[in-house]
Amino acid sequence: MNGRMVLERFPAGGPRGSWPAEEFAQARRLEGLQAEVVMDIATDAFLVIVRSGDAVDVAA
């Protein structure tokens, strides 16, 4: 186990000026998740991940 959960995958060859992985990660951060974008070289994709151990408190 690598200690992360993949929330979404985005192809690396997106349209110029478009950052869908970053936009998706930002929306998840606004929801309280510690989402980040990493590059998966093997699949040529950007992954939006949450590392295990990052507590998510959804109760307000």
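Worth saying up front: this structure is predicted, and the values here are computed from it rather than measured.
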Colleague: Grouping I, L, V, M, F, W and Y whenever their side-chain heavy atoms are under 4.5 Å apart, do Ile41 and Val38 come out in a common cluster?
Modeller: no

Colleague: Quick one: do Phe24 and Leu33 end up in the same hydrophobic cluster if we chain Ile, Leu, Val, Met, Phe, Trp and Tyr together by side-chain heavy atoms under 4.5 Å apart?
Modeller: yes

Colleague: Side-chain contact, heavy-atom cut-off 4.5 Å: Trp19 with Val37?
Modeller: no

Colleague: Quick one: side-chain hydrogen bond (donor to acceptor under 3.5 Å, both in side chains) partners of Gln26, sequence neighbours excluded?
Modeller: Arg29

Colleague: Minimum heavy-atom separation for Ala35 and Ala25, please, with both atom names.
Modeller: CB-O, 3.8 Å

Colleague: At what distance, to the nearest 0.5 angstrom, does CD1 of Ile49 lie from CD of Gln34?
Modeller: 11.5 Å

Colleague: Same cluster or not: are Val50 and Val48 linked, directly or through other Ile, Leu, Val, Met, Phe, Trp or Tyr residues, by side-chain heavy atoms under 4.5 angstrom apart?
Modeller: yes

Colleague: Of all heavy-atom pairs between Pro11 and Phe46, which one has the smallest distance, and what is that distance?
Modeller: O-CD1, 4.3 Å

Colleague: Linking I/L/V/M/F/W/Y whenever their side-chain heavy atoms sit closer than 4.5 Å, directly or via other members, would Met39 and Val6 fall into one cluster?
Modeller: no

